[in-house]
Amino acid sequence: MLQVSDLTVAFKGERDFVPVTKDVSFDLAPGATLGIVGESGSGKSVTSLALMGLLPKRSARVTASRLAFGGKDLLALPPREMRALRGKDIAMVFQDPMTSLNPLMRCGEQIAETIRFHQGKGRGQAKLESVALLDRMGIPDPERRARTYPFEMSGGMRQRVMIAIALSCRPKLLIADEPTTALDVTIQAQILRLIRELQKDFGMALMLITHDLGIVKDTVEDLLVMYAGRIVERGKAAQLLKRPSHPYTLGLLRSIPSLQGKSERLASIEGVVPKPSDPVPGCRFHPRCFMSVEECKRAEPPLAGEAWQASACIRREELLKDAA
């Protein structure tokens with residue numbers, strides 16, 4: 001359903017365009033689930049905004065050998081057709097519901113607006129469907145809540161309103177960008193459970209973007225690990241989380257708190273993600289990597305391995321052997 005090959009996004013700098021993602025490639029089948037993980041600044045959100053056609057034309061340059069949804073070339077699609085596709089067939093739950101929702105519009109009206117635009121329904125019918133969606137999202141007293149403004153709701157409720165807007169037209173693909181950010185663990189679990197239930201009911205594909213490997217374990221089938229704008233590891237989530245083949249993935253897994261009650265100090269990855277304007281020669285992760293050798297500084301390693309797990313690391317086999 002979704003085909004992405006060699007997606008590169010560059011933003012206009014002081015002198016020239018600076019690439020922030022490079023050669024990102026993946027496919028997504030109907031009804032499938034894909035997770036994209038990595039630290040802030042890895043290029044996760046930029047990739048999703050490029051798919052949605054939401055990056056500014058003047059300051060962003062998007063190129064790809066193939067970027068297609070349902071056979072349609074997203075880069076060649078006229079703006080009017082892209083607007084019709086966005087929100088109806090491809091929907092997105094944005095990171096921060098407080099800033100993504102319109103503070104001057106009632107929540108029910110924001111849902112109804114999407115229904116009217118994409119389905120051509122009247123105000124009365126759209127209003128009824130918006131209330132029904134709020135009820136489906138588990139919001140108590142949905143008729144009253146439909147008349148409230150975003151600032152009158154909790155963070156969890158605002159996130160549910162965002163999900164209701166995204167699902168109002170039963171999209172074929174839902175992109176959830178950090179849907180549990182700033183929510184406590186109880187609400188996080190509720191939101192993820194709700195997304196999984198709705199995915200099953202609607203038969204839609206799901207792309208879950210997060211920096212937390214802990215929440216993807218029971219949610220996605222396939223997983224991409226991004227670092228500094230590039231995919232450094234990809235494969236089946238169950239296999240990848242059990243036996244990572246890239247030091248960065250291993251570092252992310254070690255930073256997850258233990259549920260066994262152990263009072264051990266959490267592991268951390270020293271340093272920060274490099275700036276796109278100051279690229280690192282060779283492997284982009286080598287300045288922070290505990291397995292780095294001199295060869296890592298010379299050339300950027302390609303993704304190598306099997307279909308169910310591949311990584312961009314020259315010491316891949318050593319990692320897999322140690323994990324066995």
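As a basis for the values below, the full set of heavy atoms in this structure was taken, side chains included, without hydrogen atoms, waters or symmetry mates. Bear in mind that the values here come from a model prediction, so they are computed numbers and not experimental data.
- Defined by atom type and a distance below 3.5 Å, a donor-acceptor pair is present between the side-chain atoms of Glu233 and Gln309.
- A heavy-atom distance below 4.5 Å is not found between the side chains of Arg61 and Thr8.
- One N or O on the side chain of Ser42 and one on the backbone of Glu39 form a donor-acceptor pair closer than 3.5 Å.
- Taking 4.0 Å as the cut-off between side-chain N and carboxylate O, Glu109 and Arg116 count as a salt-bridged pair.
- Taking the six-membered ring where the residue is Trp, Tyr248 and His246 present perpendicular rings, their angle passing 60° and hence far from 30°.
- A donor-acceptor pair under 3.5 Å links the side-chain atoms of Gln110 to the main chain of Asn102, judged by distance alone.
- Ion pair Glu129/Lys121 flagged as a salt bridge, since at least one NZ, NE, NH1 or NH2 atom sits closer than 4.0 Å to an Asp/Glu carboxylate oxygen.
- Nearest heavy atom pair, residue Leu167 against residue Phe202, reads CB-CE1, 3.8 Å.
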List the steps, then state whether side chain to side chain contact (heavy atoms under 4.5 Å, CB included) holds for Glu295 with Ile314. CA-CA 9 Å; Glu295 188 179 347; Ile314 61 172; 3.8 Å; yes

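- A 4.5 Å side-chain heavy-atom check between Asp89 and Pro171 finds every atom pair outside the cut-off.
- Although no hydrogens or angles enter the test, the distance criterion places no donor-acceptor pair under 3.5 Å between the side chain of Thr21 and the main chain of Gly43.
- For the pair Thr249 (side chain) and Ser245 (backbone), a donor-acceptor distance under 3.5 Å is absent.
- Between Phe69 and Leu173, the shortest heavy-atom contact is CE1-CB, 3.9 Å.
- Remark: side-chain polar atoms of Arg288 are paired, donor with acceptor, to backbone N or O of Glu270 under 3.5 angstrom.
- No continuous path of hydrophobic side-chain contacts links Leu192 to Phe94 [ILVMFWY only; heavy atoms under 4.5 Å].
- Considering only heavy atoms from C-beta on, Val4 stays 4.5 Å or farther from Asp27 through its side chain.
- Cluster annotation: Trp308 and Leu303 are assigned to distinct hydrophobic clusters (Ile/Leu/Val/Met/Phe/Trp/Tyr, side-chain heavy-atom contacts under 4.5 Å, transitive).
- Side-chain atoms of Lys172 never come within 3.5 Å of backbone atoms of Met1 as a donor-acceptor pair (strictly under, hydrogens ignored).
- Using a cut-off of 4.0 Å between Lys/Arg side-chain N and Asp/Glu carboxylate O, Asp222 and Lys236 are scored as salt-bridged.
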Show, in sequence, the C-alpha distance, side-chain angles and deciding distance for Thr47 and Met226, and conclude whether the side chain to side chain contact (heavy atoms under 4.5 Å, CB included) test is met. CA-CA 10 Å; Thr47 298; Met226 291 190 69; 3.9 Å; yes

Test side chain to side chain contact (heavy atoms under 4.5 Å, CB included) on Thr114 and Lys88 and set out the steps. CA-CA 9 Å; Thr114 304; Lys88 182 181 180 182; over 6 Å; no

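- Using a 4.0 Å cut-off between charged side-chain N and carboxylate O, Asp201 and Arg196 make no salt bridge.
- Distance alone, capped at 3.5 Å, places no donor-acceptor pair between the Glu318 side chain and the Met291 backbone.
- Of the residues Ile209, Leu208, Leu240, the one that meets the side-chain contact (heavy atoms from CB on, under 4.5 Å) test with Val216 is Leu208.
- The minimum heavy-atom distance linking Leu134 with Arg145 is given by the pair CD1-C, 4.3 Å.
- In the hydrophobic clustering of this structure, Ile191 does not group with Val220; members are Ile, Leu, Val, Met, Phe, Trp, Tyr whose side-chain heavy atoms approach within less than 4.5 Å, directly or through other members.
- Between Leu206 and Ala176 the shortest heavy-atom distance is CD1-CB, 4.3 Å.
- Taking the charged nitrogens against the carboxylate oxygens, Arg147 and Glu152 have no contact shorter than 4.0 Å, which rules out a salt bridge.
- Between Cys313 and Pro301, the closest side-chain pair of non-hydrogen atoms is not below 4.5 Å.
- For the pair Arg254 and Phe290, the cation-pi criterion (under 6.0 Å, within 45° of the ring axis) is fulfilled.
- Contact detail for Lys127 and Ala112: the closest heavy-atom pair is N-CB, 4.3 Å.
- In terms of hydrophobic clustering, with Ile, Leu, Val, Met, Phe, Trp and Tyr side chains grouped at heavy-atom distances under 4.5 Å, Val9 and Phe17 are assigned to different clusters.
- Taking OG of Ser130 as the reference point, atom CD1 of Ile111 lies at 5.5 Å (rounded to 0.5 Å).
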Does the side chain to side chain contact (heavy atoms under 4.5 Å, CB included) test come out yes or no for Lys22 and Arg284, once each step is laid out? CA-CA 12 Å; Lys22 181 182 178 183; Arg284 301 183 183 196; 3.2 Å; yes

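- Residues Lys200 and Glu197 have side chains not in contact (no heavy-atom distance under 4.5 Å, counting atoms from C-beta outward).
- Using a 4.0 Å cut-off between charged side-chain N and carboxylate O, Arg86 and Glu81 make no salt bridge.
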Ser45/Gln95 under side-chain hydrogen bond (donor to acceptor under 3.5 Å, both in side chains): CA gap, chis, key distance, verdict: CA-CA 9 Å; Ser45 296; Gln95 281 193 32; 2.9 Å; yes

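- In this structure, Ile115 and Phe117 have side chains that are not in contact, with every pair of non-hydrogen atoms separated by 4.5 Å or more.
- A distance of 5.0 Å separates CG in Asp6 from CG in Asp23, rounded to the nearest 0.5 Å.
- To the nearest 0.5 Å, the span separating OG on Ser311 from CG on Leu319 amounts to 7.5 Å.
- Using a 4.5 Å heavy-atom threshold, the side chains of Leu85 and Ile90 count as touching.
- Minimum heavy-atom separation, Leu104 to Tyr149: O-CE2, 3.5 Å.
- Distance CD1/Ile36 to CD/Glu178: 11.0 Å, rounded to 0.5 Å.
- Tracing side-chain contacts under 4.5 Å through hydrophobic residues (I, L, V, M, F, W, Y), one reaches Met204 starting from Phe26; they form part of the same cluster.
- Inter-residue side-chain proximity for Val37 and Leu223 is flagged as met; some heavy-atom pair is nearer than 4.5 Å.
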Give the table of side-chain donor-acceptor pairs shorter than 3.5 Å for residues 153-165, with sequence neighbours excluded, one pair per line with atom names and distance.
| residue | atom | partner | partner atom | Å |
| --- | --- | --- | --- | --- |
| Ser154 | OG | Met157 | N | 3.3 |
| Arg158 | NH1 | Pro150 | O | 3.4 |
| Arg158 | NH1 | Met153 | O | 2.6 |
| Gln159 | NE2 | Pro179 | O | 2.6 |
| Arg160 | NH1 | Met137 | O | 2.5 |
| Arg160 | NH2 | Gln190 | OE1 | 2.9 |

